[in-house]
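These notes are about the structure you will find just below.
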Amino acid sequence: MLTVPFAGAPIFTRSRALRPTGKVLPEHARSHNRALVLQTLYSSGARSRADVSRETGLTRVTISDLVADLIAEGLVVELGQREAARPGKPATLIDVARDAFQIIGLDLSEHEVFRGAVTALDGTIAERIELARGGATGEAAALLVEQLVDRLLALATIPVLGIGVGSPGVVDPLGVVRSAPNLGWVDLPLQARLAARTELPVHVANDANVAILAEHGETAPGELLLIKVGHGVGAGLIVGGRPVIGGGFAAGEIGHVVVGTDGGPRCACGKDGCLEAWVAEPRLTAQLAAVGASRGSSVGAGDGDTDAAAAAARDEILREAGRRLGIVLAPVVGALNLTEVVLSGPADLLDGAFHEATVDTLRQRTMAELNRDLRLRMSEQAEDIVLRGAAVMVLSGQLGVS
């Protein structure tokens, strides 16, 4: 089995930037410069060695040495000579070996299914699988994850660069799921377990932290907050181009922040009024279904009025959930002066009354003159956001690019 050398620290460490941008100290130089060359080629496409030297600021001798190693490892390929535009020998173009590897991505954040995909290095999904969770928790859920990985590896058609996993809960940089109440996991060494099973590099992180990697594209701002609504509620945060994980690896765990002082629904954690109890997909879906059932039992005279009342009741449920999210987000937006917040989750729940109420609450609870440019938008990546983010996590962890 072909194994790619590890490029450096996992992406979710307290000091790791998403993309290398320049030279560093001598003791870190080789691994950093290697990642710098790969990032330049990955982002900009085919270049000559001289082009890469100019764009990175590295000497031609250093570039020649690094590229020779990368070609030997199968990570960079020569594409042939550039069409000559001037006298002399035309330059040979090089690029990342984009068709040499695939990536396995897993999304464990949904209520009813575990999702997995085989992706190309650019994030394009080649194959996908869904396994019904069936309410599995604890060891049964862990075995289901192993089954999903086995099936995805069987679908890979070229060597696998690594496996990326987005898990709910608190996940440390070693890929140990410290706590995932919805899956019944406590101190589960998921990364080590999958690595031992597959003999491949494995990267595991919180699902919202993984999702935000998919949103952090070439034109994304240096500061970005992503709210992921699924079985639970979590947030991913990038500040200054670096993911934020917190001292206890729980940055973004906003689902169990109690919203307000008026109580509220009982949460799985035992408290009343947690954000997750107001906003998580299972709760909203159940509430809306109850409204529909009530409407169904009232069919008869005045159906138009009944329909209007049911629609108003559904909107109010979503508005109240959106208001609760806005209350939690307002201090974060105000403290960091964020300009962009992304919502990721089921569009039929989050886009509309929920979205409007969240925006209204944010504007009411922050200084308008400081946050007039704030934009709250739905993610365009739908249900694939964690799978694509998992691919970015593997790329960054193994090659140092994103």
Side-chain angles (χ1 to χ4, degrees), residues 1-11 18-21 29-56 58-83 90-105 116-128 149 152-164 195 198-203 213-214 216-218 387-402:
M1 180 177 294
L2 179 59
T3 301
V4 177
F6 186 55
I11 189 170
L18 287 174
R19 298 187 181 98
T21 56
R30 187 164 186 84
S31 62
H32 177 88
N33 291 342
R34 165 193 168 97
L36 185 58
V37 170
L38 287 169
Q39 181 68 62
T40 301
L41 293 172
Y42 184 80
S43 300
S44 303
R47 292 286 189 274
S48 70
R49 289 168 175 80
D51 293 333
V52 176
S53 175
R54 284 190 295 270
E55 292 178 29
T56 61
L58 300 172
T59 68
R60 293 198 180 195
V61 172
T62 298
I63 291 297
S64 179
D65 182 39
L66 288 170
V67 169
D69 286 349
L70 292 170
I71 289 176
E73 294 169 17
L75 297 177
V76 168
V77 292
E78 292 186 331
L79 301 179
Q81 293 183 336
R82 173 187 285 156
E83 292 186 10
T92 298
L93 296 176
I94 56 174
D95 196 6
V96 173
R98 299 175 190 269
D99 298 328
F101 299 95
Q102 290 176 318
I103 294 171
I104 301 296
V118 180
T119 71
L121 293 190
D122 64 0
T124 302
I125 293 178
E127 302 282 355
R128 65 174 74 234
V149 168
L152 289 165
L153 287 173
L155 294 175
T157 56
I158 52 180
V160 172
L161 182 66
I163 299 170
T198 63
E199 299 182 349
L200 286 167
V202 178
H203 301 266
L213 299 179
H216 192 263
E218 288 295 328
L387 296 176
R388 296 186 189 282
V392 176
M393 182 166 58
V394 172
L395 276 171
S396 183
Q398 294 310 118
L399 304 184
V401 307
S402 65

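Start at 1 with the first residue, then count along the sequence. The basis for the numbers below is simple: all heavy atoms, side chains too, and nothing from hydrogens, waters or symmetry mates.
Residues passing the side chain to side chain contact (heavy atoms under 4.5 Å, CB included) test with I125 are A117, T119, R128, D384, L387, R388, sequence neighbours excluded. Take S64 and apply the side chain to side chain donor-acceptor pair (under 3.5 Å) test, not counting sequence neighbours, and it matches no residue. With sequence neighbours left out, E127 forms a side chain to side chain contact (heavy atoms under 4.5 Å, CB included) with V118, L155.
Under a 3.5 Å cut-off, the side chain of T40 and the backbone N or O of L36 do form a donor-acceptor pair. Looking at S396, its side chain never comes within 3.5 Å of a backbone N or O of V392 through a donor-acceptor pair.
Put simply, the side chain of I94 reaches to within 4.5 Å of the side chain of L41, judged on heavy atoms. Contact of the V394 side chain with the I163 side chain is not registered, since no non-hydrogen atoms from C-beta on lie closer than 4.5 Å. Residues V61 and D65 are not in side-chain contact: their nearest non-hydrogen atoms beyond the backbone lie 4.5 Å or more apart.
Residue-environment remark: CZ (R60) stays at or below the threshold of 12 foreign heavy atoms within 6.0 Å.
Rounded to the nearest 0.5 Å, atoms CG (L121) and CG (D99) are 8.0 Å apart. Expressed to the nearest 0.5 Å, how far CD of Q39 lies from CG of L395 amounts to 9.5 Å. Interatomic distance, CG of L152 versus OG1 of T198, reported as 11.5 Å (0.5 Å rounding).
With hydrogens and angles left out, the side-chain atoms of S48 and D51 include a donor and acceptor closer than 3.5 Å.
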